[in-house]
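One structure is given below, encoded as structure tokens.
Proteins come first, then strands; the chains are lettered A, B, ... in the order of their sequence lines, and each starts at number 1.
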Amino acid sequence: MIIPILKVTNLSKSYDNIVGCKNISMSLYPGEVLGIVGESGSGKTTLINCLSGNLEPDRGKIIFNINNKETDFLNISESEKRKFIRTDLAFVHQNPRDGLRLNVSAGGNIGEKLMSVGYRHYGNIRSLATKWMNKVEIDKSRIDDLPITFSGGMLQRLQIAKNLITSPNVIFMDEPTGGLDVSVQARVLDLIRSLVNELNLTVIIVSHDLAVIRLLADKMIVMKNGTVIESGLSDQVLEDPQQEYTQLLVSSVLNV
Amino acid sequence: MRKTNNVIKIKDFKVDKGLPFDQEYNFAYLDENTKKMIRRAIIKALCIPGYQVPFASREMPMPYGWGTGGVQVTASCLTKRDTLKIIDQGADDTTNAVSIRNFFKKTSNIKTTEITEKATLIQTRHRIPETPLKKKQIFVYQVPIPEPLAFLEPKVSETIKMHSLSEYGAMHVKLYEDISKNGHIETAYAYPVKTNDRYIMDPSPIPKFDNPKMNNSPAIQLFGAGREQRIYAIPPYTKVKSLDFEDYPFDPFKAEHACDICGSKNTYLDEIIVDDAGNKSFICSDTDFCNKRKNK
Ligand SMILES: Nc1ncnc2c1ncn2[C@@H]1O[C@H](COP(=O)(O)OP(=O)(O)OP(=O)(O)O)[C@@H](O)[C@H]1O
Ligand SMILES: [Mg+2]
Ligand SMILES: [Zn+2]
């Protein structure tokens with residue numbers, strides 16, 4: 001039997017009296033990509049922030065199981081939690097500026113993740129950073145340049161490199177192409193897809209864009225007013241949506 | 001750049017004589033309750049080497065940035081039997097050193113000295129003396145910015161967390177950037193250290209040349225930051241290690257010169273311009289050490 005790498009039970013989070021997300025249950029298996037869709041304000045970011053440790057949920061259970069080691073995410077000490085986040089999780093922000101240090105060179109940004117998990121050999125850090133620049137298609141001659149000299153698409157690719165370099169076990173992405181010009185979205189998306197395939201990544205990705213979900217996600221959940229109203233294999237949900245809301249969503253976007 | 005010694009010495013001599021002990025003040029200016037509070041912070045700091053202990057900094061009759069933190073620590077440690085030495089950039093005769101020394105003469109009537117070995121308490125800005133510190137000496141650093149993580153993380157609540165969880169990986173980012181830009185670690189002052197294998201600490205803006213002197217020192221080292229209201233400490237015989245990379249080990253750089261006055265080859269030198277033609281001279285920044293060596 002395969003054990004889910006992440007199992008969520010009845011997770012809820014509200015902001016004072018505004019519902020963020022409510023009674024969410026789901027599981028994710030190693031190597032799977034889960035897409036989260038839903039209209040603005042439906043709770044996608046709230047959910048992904050709770051799962052990645054950016055937000056403290058009000059109720060529920062989050063269990064990670066990595067290499068047969070179970071981590072009860074909401075019941076470990078803060079230092080254990082931060083260490084777990086540092087070594088096992090990664091978070092790609094919609095705005096790459098939120099995930100990068102703008103006053104630190106590209107190589108320093110990529111290398112920080114390595115240094116934070118204990119790398120202390122400059123030459124090794126440098127060569128791994130170069131390798132990852134290459135992987136995300138940024139010319140290695142730019143390694144000492146500051147991120148402010150990079151285009152939006154390059155910044156996002158840099159943020160992706162920074163996050164993946166330590167081989168995290170679960171990667172969260174909140175609208176990774178959302179802030180980019182349409183012209184560069186495709187390239188970043190393509191890159192994410194090839195990395196997912198090459199490295200067999202386990203990913204939870206939030207997107208407004210059903211085309212992104214169709215391209216990347218094995219499974220998907222549809223959110224509305226903080227709850228999951230439909231879930232399943234992406235192909236199935238997109239081909240044959242059961243809920244009226246999903247049908248509306250699919251027909252309005254995909255059949256244009 | 002330091003002014004030439006003679007000029008200041010003559011002037012200061014007059015100033016020194018002109019300030020008699022003033023009985024109106026409590027001993028060493030601060031009231032006894034404040035001293036007690038500061039001593040508690042110091043004792044706590046000594047118990048947790050390198051950890052920044054908050055304290056309620058008092059207004060001092062000098063502006064922030066002029067050593068108010070160091071002065072409060074000194075005032076709280078001073079006893080009537082102490083012999084005090086004050087240095088600024090290694091010299092006893094610069095304006096800042098003179099005014100702090102006068103402050104303590106006026107408020108505590110204690111003995112002062114310029115000779116490192118004779119001092120029981122030394123307050124410093126930017127240097128550690130060349131003469132090794134010894135047992136029972138208290139060495140007080142003036143600190144402008146106590147938080148070594150401040151350049152990375154502006155939020156104090158977050159830096160406190162980073163310290164408590166030993167999340168120090170990002171500290172190396174700064175060193176990484178240095179090597180990438182300059183081929184070596186360029187940081188020359190306030191070079192971060194790890195104290196007692198635990199807390200990362202800012203040694204105040206001393207040159208990295210002085211960093212090794214902090215390690216395993218027999219003296220008590222105290223750090224006071226007035227504006228930021230923090231005290232931290234290194235107890236005697238404590239390990240203090242400068243951060244580095246395996247392939248770029250720490251190097252306490254020193255200029256390739258000997259002192260033009262005393263000939264010393266292994267002391268920290270100031271570069272000074274000696275004439276209108278722009279000719280340079282290198283002399284020990286530690287004036288006490290240089291004088292002693294020259295007179296030998
Ligand atoms: N910090 C906050 N304080 C108060 N309410 C919040 C906060 N963050 C989110 N909310 C509310 O919680 C609900 C869910 O918001 P969330 O940001 O999770 O939605 P989302 O699906 O990510 O939306 P979008 O597609 O616009 O990013 C919304 O009603 C939102 O207004
Ligand atoms: Mg959102
Ligand atoms: Zn000399």
Side-chain angles (χ1 to χ4, degrees), chain A residues 53-54 56 76-90 98-130 132-133 140-149 158 161-163 165-166 168, chain B residues 48 51 145 147-187 190-195 197-200 208 211 239-251 253:
Chain A
N54 294 335
E56 190 63 27
I76 48 177
S77 71
E78 177 161 32
S79 76
E80 286 174 301
K81 189 170 178 179
R82 284 174 69 126
K83 179 150 187 272
F84 183 80
I85 293 170
R86 201 159 64 227
T87 52
D88 289 297
L89 308 183
D98 295 337
L100 295 169
R101 292 188 196 280
L102 297 180
N103 54 350
V104 166
S105 70
N109 266 291
I110 301 182
E112 175 174 350
K113 198 82 187 295
L114 293 173
M115 294 180 243
S116 76
V117 296
Y119 281 64
R120 292 291 179 270
H121 189 285
Y122 177 84
N124 291 351
I125 293 166
R126 186 101 174 147
S127 67
L128 273 170
T130 309
W132 270 91
M133 303 244 331
K140 64 176 191 289
S141 68
R142 305 294 302 270
I143 192 167
D144 294 327
D145 294 350
L146 291 178
I148 39 168
T149 66
L158 184 66
K162 170 185 185 150
N163 272 287
I165 194 165
T166 50
Chain B
I48 320 171
Y51 171 76
I145 302 164
E147 181 48 73
L149 304 169
F151 80 99
L152 275 172
E153 179 52 67
K155 282 204 261 8
V156 175
S157 59
E158 189 60 18
T159 56
I160 288 176
K161 232 175 232 172
M162 289 164 82
H163 282 295
S164 75
L165 302 175
S166 295
E167 278 181 11
Y168 289 141
M171 250 344 260
H172 275 79
V173 171
K174 191 179 177 197
L175 305 181
Y176 169 96
E177 292 289 281
D178 255 11
I179 299 173
S180 303
K181 273 198 207 97
N182 312 297
H184 59 268
I185 297 173
E186 181 83 347
T187 304
Y191 191 107
V193 296
K194 196 171 219 179
T195 306
D197 290 321
R198 178 58 182 85
Y199 284 98
I200 285 192
K208 66 177 174 179
N211 272 23
K239 180 174 166 191
V240 178
K241 188 183 181 310
S242 304
L243 301 187
D244 59 6
F245 283 105
E246 289 156 12
D247 46 345
Y248 285 83
F250 173 76
D251 171 25
F253 172 83

Contacting region of B/Tyr248 [heavy-atom separation from chain A under 4.5 Å]: side chain

Region of B/Leu175 that comes under 4.5 Å of a non-hydrogen atom in chain A: neither

Residue, of [options], that accumulates the most heavy atom pairs under 4.5 Å with chain B:
options: A/Gly123, A/Gly107, A/Gly111; answer: A/Gly107
options: A/Asp144, A/Asn109, A/Val104; answer: A/Val104
options: A/Lys83, A/Lys113, A/Arg86; answer: A/Arg86

Spacing of A/Asn124 atom CG and B/Phe245 atom CZ [to the nearest 0.5 Å]: 11.0 Å

Gap between atom CZ of B/Phe151 and atom CZ of A/Arg101 - 0.5 Å precision: 8.0 Å

Test item: B/Asp247 side-chain N/O and A/Tyr122 main-chain N/O as donor-acceptor pair under 3.5 Å: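 Side chain of B/Asp247 to backbone of A/Tyr122, a donor-acceptor pair under 3.5 Å: yes, one is there.
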
[X] to [Y] - nearest heavy-atom pair and separation:
X: A/Arg120; Y: B/Gly169; answer: NH2-CA, 4.1 Å
X: A/Asn103; Y: B/Glu177; answer: O-OE1, 4.4 Å
X: A/Met115; Y: B/Val173; answer: SD-N, 3.7 Å

Student check: side-chain heavy atoms of B/Lys181 and A/Ser105 closer than 4.5 Å: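 A side-chain contact is absent here, since even the closest heavy-atom pair is not under 4.5 Å.
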
Heavy-atom side-chain proximity of B/Glu167 to A/Ser116 below 4.5 angstrom: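 Side-chain contact under 4.5 Å: no.
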
Whether over 12 other heavy atoms sit under 6.0 Å from B/Ile145 CD1: no

Contacting region of A/Ile125 [heavy-atom separation from chain B under 4.5 Å]: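 Contact with chain B: side chain only.
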
